[in-house]
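First the proteins, then the strands, lettered A, B, ... as listed; each starts at 1. Both backbone and side-chain heavy atoms feed into the values below; hydrogens, waters and symmetry mates do not.
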2 protein chains.
Amino acid sequence: MDTGMIIKNIRRQLHDGGYKLTPQREATVLVLLENDKDHLSAEEIYMLVKQKSPDIGLATVYRTLEMLTELKIVDKISFNDGVSRYDLRKEGDHHFHHHLLCLECGSIEEVEEDLLGEVENIVEKRYDFLVKDHRLTFHGVCSQCRKKK
Amino acid sequence: MDTGMIIKNIRRQLHDGGYKLTPQREATVLVLLENDKDHLSAEEIYMLVKQKSPDIGLATVYRTLEMLTELKIVDKISFNDGVSRYDLRKEGDHHFHHHLLCLECGSIEEVEEDLLGEVENIVEKRYDFLVKDHRLTFHGVCSQCRKKK
DNA sequence: AATTAATTTATAATGAGTCTAAATAATCAA
DNA sequence: TTGATTATTTAGACTCATTATAAATTAATT
């Protein structure tokens, strides 16, 4: 799907939630789209948005990210390094993808496929817990770092 | 296993890592042992330790928790609410247990059994990633909150 | 056009976590 | 044991991510 179409969908989602897609919000979403393989912090997103809209304020970026999180357009995740990171959810995805965090180089790889179907069933039955979403991160060593040794 | 024995084991683990079990560190470990079902933040731990050792400083608690995390005696985890939480690892456990976070009441339930064995195998093979540890949290609605409705 | 509501900006405030220097406690060599 | 060295703790200053606030701007409505 092209960017224009994605933006159009997001505009509709905002309207459904009672929000407008202001130029600042659109610029923020564009940065997220252009960097959908990264896991940017609010500060990093702010720096990138500033290149498009130099007058945007940091608080606006924070508020936009909060709103996008509430609407489940982005997922907020923390990798225990003291900052929250924001990850655009793929169109039609109803689960949050998983992450592989390399303890040596700090890289974060994404695992698109949902490996938790069976595990969620067990949790729902055995713990009587209605699962809505999940966060799964593996800590380990990526192939590149293992090759180096 | 009784508390004395656990403390003894932890003392040995600290020594092996080149640290001493000072009274302040012991008081901190005791608080973690006494609240092993909770997921306390550093500040909460500090408050509880202060009841045992009123003269302890917040920085000492932070440093102790950092050390215990490094030695894998506790696991540090964040549930996206802006604070890190610390969870004592059970004796002999080589994986971090999972969590069920209720989006309505905020309660956190623990899942002791390891449900990720097969998933880790897939990740190791399919993504060529050496798994050392994991963080798995399900977001959803607990049985109590569902009963209320 | 005037009014109201939503949004943004700039900046101040908060609060978790870290750093630093001085004090204290433990360890070691003589 | 004494003095010297090292590790640890304390208190408080500091940093930095995030949030709150008040004034200004923009958009929507009457």
Want to settle it: does B:Ala59 or A:Ala59 sit nearer the 5' end of DNA chain D, counting the closest nucleotide to each?
-> B:Ala59
Under 4.0 Å: is that the gap between some side-chain N or O of A:Ser84 and OP1 or OP2 of D:dT18?
-> yes
Atom NZ of B:Lys50 to atom C1' of D:dA11: distance rounded to whole Å?
-> 11 Å
Establish, with yes or no, whether the OP1 or OP2 oxygen of C:dT7 is under 4.0 angstrom from a side-chain nitrogen or oxygen of A:Arg63.
-> no
A:Leu58 atom CG is separated from D:dT21 atom C1', nearest whole Å, by 15 Å
Could you check how far CG of B:Leu65 sits from C1' of C:dT18, rounded to whole Å?
-> 14 Å
Rounded off to whole Å, could you give me the OH-to-P distance for the B:Tyr46 and C:dT18 pair?
-> 16 Å
With respect to the side chain of B:Ile56, which nucleotide from D:dT10, D:dA28, D:dT8 is positioned closest?
-> D:dT10
Under 4.0 Å between a side-chain N/O of A:Arg25 and OP1 or OP2 of C:dT7, yes or no?
-> yes
Which sits closer to the 5' end of DNA chain D, B:Val61 or B:Lys20, going by the nucleotide each is nearest to?
-> B:Lys20
Does a side-chain N or O from A:Thr22 land closer than 4.0 Å to OP1 or OP2 of C:dT8, or not?
-> yes
Euclidean distance, atom CD of residue A:Glu43 to atom C1' of D:dC16 [Å, nearest integer] | 9 Å
To the nearest 0.5 angstrom, please state how far the CG atom of B:Leu14 sits from the CZ atom of B:Arg25.
-> 7.0 Å
In whole Å, what is the span from the CG atom of A:Leu21 to the P atom of C:dA6?
-> 17 Å
Of all the heavy-atom pairs spanning A:Glu124 and A:Leu130, show the shortest one and how long it is.
-> OE2-C, 3.7 Å
Between A:Tyr62 and D:dT18, is there a side-chain N or O to OP1/OP2 distance below 4.0 Å?
-> yes
Indicate yes or no for a side-chain donor-acceptor contact from B:Ser53 to the backbone of B:Ile56 under 3.5 Å, with no hydrogens or angles considered.
-> no
For A:Met47 and D:dA17, what is the distance between atoms CE and C1' respectively, to the nearest whole Å?
-> 13 Å
So, is B:Gln24 near the phosphate of D:dT10, with a side-chain N or O under 4.0 Å from OP1 or OP2?
-> yes
How many Å lie between CZ on B:Arg85 and P on C:dA16, as a whole number?
-> 10 Å
B:Arg135 side-chain N/O to B:Lys76 backbone N/O, donor-acceptor pair under 3.5 Å = yes
Go through the side-chain N and O atoms of B:His97 and B:Asp75 and say whether any donor and acceptor fall under 3.5 Å apart.
-> no
